[in-house]
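Residue indices begin at 1 and follow the sequence shown.
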Amino acid sequence: MDPKRLESLLSRVRSGEVAIEAALAELRTLPYADLGYARVDLHRALRQGVPEVILGEGKTPEHIVGVAEQLIRGGQRVLVTRLSADKADAVRARLPVLEYVPAARIARYRTDAPKLGGGFVAVVTAGTSDIPVAEEAAETLGMCDVRVERVYDAGVAGLHRITAQVEMLRQAAALIVVAGMEGALASVVGGLVAAPVIAVPTSIGYGASLGGFTTLFAMLTGCASGVTVVNIDNGFGAAMAVIRLLRARLEAP
């Protein structure tokens with residue numbers, strides 16, 4: 001149950017439109033619904049402002065559909081991450097209201113919700129190969145009604161590509177920088193802007209990149225102060241960090 005739906009329910013109880021017994025029946029599934037194979041957290045939107053997100057990796061299509069249907073019945077948005085195209089076909093065959101975004105490996109179902117203000121978030125990649133991780137971040141932000149500006153293929157091998165975007169980047173409320181190889185772009189951007197920067201190391205690179213660990217270590221030891229680093233290929237985690245920052249800023253007294 002999201003805050004908007006709960007507020008509507010309480011208002012209808014107060015006006016007499018909904019009986020207390022009916023309201024109790026609607027609230028009975030809080031804080032979670034037990035499906036046997038999953039306990040769907042229907043209370044998370046009230047606690048954190050964002051509904052539970054479904055990690056598609058490792059789940060069967062049947063389990064994904066079951067959790068998604070429960071969220072939809074609760075009036076919540078649905079976001080499924082790390083969903084392969086084959087599995088997406090099986091899921092959408094049973095739940096066609098889900099929209100699949102191949103570039104991000106995400107399936108989504110939107111409901112009306114107020115936009116999360118606070119300006120736009122810039123999602124920046126070092127190379128074109130980093131775009132799938134960046135799109136995961138961008139689509140997650142979009143599901144929370146955050147405006148996104150994309151700056152792709154602007155790595156340090158051609159530094160003029162990022163310096164040409166400096167004025168726009170400095171207007172962003174926050175930035176997500178996605179890079180593989182040596183991960184230098186995070187330090188470059190971190191040194192150019194004052195807004196929060198979330199760095200995402202990717203597994204893109206040749207042998208000694210060690211599947212992203214070299215990039216991760218480089219970002220963790222970068223010289224630009226205050227840059228936050230999330231896990232390898234974790235565009236979703238970067239987006240959620242930004243959403244928390246924006247909510248805290250908007251809700252501050």
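Counting heavy atoms from C-beta outward, Val177 and Ile198 have side chains that stay 4.5 Å or more apart. Residues Val151 and Val123 have side chains not in contact (no heavy-atom distance under 4.5 Å, counting atoms from C-beta outward). Two residues are said to be in side-chain contact when any heavy atoms from C-beta on lie closer than 4.5 Å; Val229 and Val200 fail this criterion. Side chains of Val80 and Ile64 form a contact here, defined as non-hydrogen atoms less than 4.5 Å apart. Residues Gln76 and Tyr109 have side chains not in contact (no heavy-atom distance under 4.5 Å, counting atoms from C-beta outward). Counting heavy atoms from C-beta outward, Thr140 and Met240 have side chains that approach closer than 4.5 Å. Ile54 places a side-chain heavy atom less than 4.5 Å from the side chain of Val78. For the pair Leu79 and Thr81, the minimum side-chain heavy-atom distance is below 4.5 Å.
The distance from the CG atom of Leu216 to the OG atom of Ser209 is 12.0 Å, given to the nearest 0.5 Å. Atom CD in Glu182 sits 10.0 Å away from atom OG in Ser187 (nearest 0.5 Å). Going from atom CE of Met143 over to atom CZ of Arg108 covers 7.5 Å, rounded to the nearest 0.5 Å. One distance of note links CD of Glu52 with CG of Leu71; it measures 6.0 Å at 0.5 Å rounding.
Between the side chain of Arg92 and the main chain of Val97, no donor-acceptor pair closer than 3.5 Å is present. The main-chain N or O of Asp86 is never found under 3.5 Å from a side-chain atom of Asp89 such that the two would form a donor-acceptor pair. Side chain of Glu136 to backbone of Ala104: no donor-acceptor contact under 3.5 angstrom is found. At least one donor-acceptor pair closer than 3.5 Å links the side chain of Ser15 to the backbone N or O of Arg12. Although no hydrogens or angles enter the test, the distance criterion places a donor-acceptor pair under 3.5 Å between the side chain of Asn234 and the main chain of Gly237. For Thr215 (side chain) and Gly183 (main-chain N/O), no donor-acceptor pair under 3.5 Å exists by modelled atom type. For Thr125 (side chain) and Thr128 (main-chain N/O), no donor-acceptor pair under 3.5 Å exists by modelled atom type.
Val197 and Leu159 fall within a single hydrophobic cluster, where Ile, Leu, Val, Met, Phe, Trp and Tyr side chains are chained together by heavy-atom contacts under 4.5 Å. Put simply, Val188 and Met168 are part of the same group of oily side chains (I, L, V, M, F, W, Y) that touch within less than 4.5 Å, one to the next. Note: the hydrophobic cluster containing Ile232 does not contain Met181 (ILVMFWY, side chain heavy atoms under 4.5 Å, direct or indirect links). By the criterion of side-chain heavy atoms lying less than 4.5 angstrom apart, applied directly or through intervening Ile, Leu, Val, Met, Phe, Trp or Tyr residues, Phe217 is not grouped with Val227; the two fall into different hydrophobic clusters. Leu246 is connected to Phe236 through a chain of hydrophobic side-chain contacts under 4.5 Å among Ile, Leu, Val, Met, Phe, Trp and Tyr, so both are in one cluster.
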side-chain contact (heavy atoms from CB on, under 4.5 Å) between Val189 and Leu175, intermediate numbers included: CA-CA 9 Å; Val189 174; Leu175 301 94; 3.9 Å; yes
Ile106 and Leu83: CA distance, side-chain angles, deciding distance, side-chain contact (heavy atoms from CB on, under 4.5 Å) verdict: CA-CA 6 Å; Ile106 273 176; Leu83 187 64; over 6 Å; no
Full working for side-chain contact (heavy atoms from CB on, under 4.5 Å) between Ile162 and Leu169: CA-CA 9 Å; Ile162 195 65; Leu169 296 178; 3.7 Å; yes
Steps toward side-chain contact (heavy atoms from CB on, under 4.5 Å) verdict (Arg247, Ile243): CA-CA 6 Å; Arg247 286 192 179 280; Ile243 289 164; 3.9 Å; yes
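Salt-bridge annotation for Arg147 and Glu149: present, with a side-chain N of the basic residue lying under 4.0 Å from a carboxylate O of the acidic one. The existence of a salt bridge linking Asp145 and Arg77 is confirmed by a sub-4.0 Å separation between a basic side-chain nitrogen and an acidic carboxylate oxygen. Taking a cutoff of 4.0 Å between a charged side-chain nitrogen and a carboxylate oxygen, Glu69 and Arg94 do not qualify as a salt bridge. Between Glu135 and Arg105, none of the side-chain N atoms (NZ, or NE/NH1/NH2) sits under 4.0 Å from a carboxylate O, so this pair counts as no salt bridge.
A pairwise comparison of heavy atoms in Val178 and Thr202 identifies CG1-CG2, 3.3 Å as the closest pair. Between Ala173 and Ala195 the shortest heavy-atom distance is O-CB, 3.6 Å. Looking at every heavy atom in both residues, Lys87 comes nearest to Pro61 through CG-CG, 3.8 Å. The minimum heavy-atom distance between Ala199 and Ala186, with the atom names listed, is CB-CB, 3.7 Å. When all heavy atoms are compared, the tightest approach of Ala239 to Ala137 is CB-O, 3.4 Å. Across all their heavy atoms, Ser84 and Tyr100 have their closest contact at C-OH, 3.4 Å.
Residue-environment remark: CZ (Arg170) exceeds the threshold of 12 foreign heavy atoms within 6.0 Å.
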